[in-house]
Amino acid sequence: MRARMAVRTVEIGSPGWAAPMMPSDAEPELPLAKELRRVLGPRARIIWRGAELDLYARDQADIPESLRRMLIRTTPDVVVQPETVEDVANVVTAAYDLGIPVIPRGAASFPLGGAVPTMGGVVIDLSAMRRIHAIDKERILADVEAGVRWSTLQEVLRGDGLTLRTYPSSWFSTVGGWVATGGYGINSLKFGHLSKNVKALQVVTPTEGVWWVDEGHKDFPLYFGTEGQLGLVTRVVLKIRLPPKSSEPRLLQFTEAQEAFDFAKDLLAV
Ligand SMILES: Cc1cc2nc3c(=O)[nH]c(=O)nc-3n(C[C@H](O)[C@H](O)[C@H](O)COP(=O)(O)OP(=O)(O)OC[C@H]3O[C@@H](n4cnc5c(N)ncnc54)[C@H](O)[C@@H]3O)c2cc1C
């Protein structure tokens with residue numbers, strides 16, 4: 001599936017917008033980092049030592065010491081911050097050829113170690129892939145890269161008189177990260193599971209390269225909640241909506257859970 005949505009393009013960051021993170025002295029690069037630099041080119045953002053690398057040995061939460069002892073190596077060998085899907089595909093292929101594990105990472109808001117290595121390897125930090133490719137006002141769709149944050153997207157949509165259908169409780173997390181874990185979020189009562197609010201996904205795998213899977217594909221639901229095991233999500237075409245005409249918070253109290261469910265069901269039918 002190819003998304004054809006050249007309606008409006010908003011660029012947040014662009015390739016080469018910041019200086020590459022390279023060692024500043026003469027210390028030779030780790031062979032793996034060297035190989036990735038050969039594959040990705042001299043401007044690639046590759047982290048292979050120092051305190052910055054240590055940041056990737058954890059997510060939002062500390063890994064408990066007992067668990068850390070069971071895991072083999074939580075510090076990655078190398079972190080790459082690709083800016084294009086081609087670079088993601090090149091890293092995945094290189095790691096696959098070298099037999100090295102790959103760990104995708106969004107905003108690392110998942111506090112149970114999902115984005116943390118267990119055997120070293122290459123962390124692919126997708127947070128630099130944050131372009132909003134198109135907002136299609138006619139079809140009410142947003143075509144965004146995996147590293148776009150929900151809060152950023154909501155701001156951009158608001159400027160266009162649109163809004164998200166649903167979003168996760170971690171407002172700062174990435175669109176790709178929630179596809180990989182999620183989920184039900186804010187407004188799910190009305191709009192359902194995240195998979196019902198996505199039209200298509202761009203995915204990278206070591207064997208298939210870059211490809212699109214859309215909502216009609218039988219495997220489409222499998223990409224939600226499998227945390228990157230079926231491939232890295234690099235781009236998401238989201239269903240969005242017009243904002244409600246008005247919105248007013250109410251506090252309701254129920255004595256039984258069933259009463260609350262029945263009320264919510266009746267409300268949806270209105
Ligand atoms: C099983 C599970 C269910 C969850 N369900 C909900 C929910 O229903 N509602 C809710 O609000 N929050 C839910 N969360 C919390 C959720 O992790 C965060 O809300 C957030 O959306 C994750 O995004 P992130 O960018 O921080 O991802 P990270 O914390 O960086 O990564 C989370 C996981 O996804 C993988 N991953 C990250 N980006 C990609 C990508 N682009 N392609 C492939 N894999 C990737 C990582 O390797 C890691 O395993 C759930 C978490 C887990 C573990």
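When a ligand or atom number is given, it counts from 1 through the structure's own listing order. Values below: all heavy atoms of this structure, side chains included; hydrogens, waters and symmetry mates excluded. The residues of the chain are indexed from 1 along the displayed sequence.
- Within ligand 1, counting atoms from 1 as listed, the ones closer than 4.0 Å to a heavy atom of G228 are 43 (C), 44 (N).
- Two residues are said to be in side-chain contact when any heavy atoms from C-beta on lie closer than 4.5 Å; E227 and F110 meet this criterion.
- Comparing S170, G177, G185, S109 against atom 26 (O) of ligand 1, the shortest heavy-atom distance belongs to S109.
- Residue L126 holds the heavy atom nearest to atom 40 (C) of ligand 1 of all those in L126, I186, V123.
- Salt bridge absent: R58 and D54 never bring a charged side-chain N and a carboxylate O closer than 4.0 Å.
- Residue F110 holds the heavy atom nearest to atom 53 (C) of ligand 1 of all those in F110, Y167, Y184.
- At a threshold of 4.5 Å between non-hydrogen side-chain atoms, the residues V198 and V237 do not count as touching.
- Polar contact check, G231 against ligand 1: no nitrogen or oxygen pair lies under 3.5 Å apart.
- With respect to D214 and K199, no salt bridge is recorded, no charged nitrogen being found less than 4.0 Å from a carboxylate O.
- Summary of contacts: the protein heavy atom closest to atom 10 (C) of ligand 1 is W178 NE1, 3.5 Å.
- At the top of the distance list for atom 35 (C) of ligand 1, counting protein heavy atoms only, stands A180 CB, 3.8 Å.
- For atom 31 (O) of ligand 1, the nearest non-hydrogen atom of the protein is A115 CB, 4.1 Å.
- Of all atoms in ligand 1, numbered sequentially from 1 with element shown, those under 4.0 Å from a heavy atom of G183 are 7 (C), 8 (O).
- If you run salt bridge (charged side-chain N to carboxylate O under 4.0 Å, His left out) between E83 and each of R130, R43, R45, only R45 comes through.
- Here the protein heavy atom with the shortest distance to atom 47 (O) of ligand 1 is P104 O, 2.6 Å.
- When side chains are defined from C-beta on, T234 counts as touching M129, because their heavy atoms get closer than 4.5 Å.
- Salt bridge absent: R37 and E35 never bring a charged side-chain N and a carboxylate O closer than 4.0 Å.
- Heavy-atom distances between L112 and ligand 1 stay at or above 4.0 Å for every pair.
- Nearest non-hydrogen protein atom to atom 25 (O) of ligand 1 is T174 OG1, 2.6 Å.
- Under a cut-off of 6.0 angstrom, the local environment of CZ in F172 is crowded, with over 12 non-hydrogen atoms contributed by other residues, nucleotides or ligands.
- Distance from atom 11 (O) of ligand 1 to its nearest protein heavy atom, with residue and atom name: S169 N, 2.8 Å.
- Residue-ligand proximity, L232 to ligand 1, at heavy-atom distances under 4.0 Å covers atoms 42 (N), 43 (C).
- Looking only at heavy atoms of the protein, atom 21 (O) of ligand 1 is closest to S173 OG, 3.1 Å.
- The parts of T181 lying near ligand 1 are both backbone and side chain, judged by heavy-atom distances below 4.0 Å.
- Judged purely by distance below 3.5 Å, without hydrogens or angles, the side chains of N90 and E86 never pair a donor atom with an acceptor atom.
- Donor-acceptor pairing under 3.5 Å is lacking for the side chains of S151 and E155.
- For atom 48 (C) of ligand 1, the nearest non-hydrogen atom from the set A108, G114, S127, G106 comes from G114.
- Near E227, with a cut-off below 4.0 Å to any heavy atom, the atoms of ligand 1 are 44 (N), 49 (O), 53 (C).
- Between I103 and G120 the shortest heavy-atom distance is CD1-O, 3.4 Å.
- Taking the six-membered ring where tryptophan is involved, the planes of F263 and F254 are tilted, since the angle between them lies from 30° to 60°.
- Counting only heavy atoms of the protein, atom 41 (N) of ligand 1 lies nearest to V233 O, 2.9 Å.
- By the 3.5 Å distance cut-off applied to N or O atoms, P168 is not counted among the residues near ligand 1.
- Taking only nitrogen or oxygen atoms, main chain and side chain alike, A107 reaches within less than 3.5 Å of ligand 1.
- A heavy-atom distance below 4.5 Å is found between the side chains of V85 and Q202.
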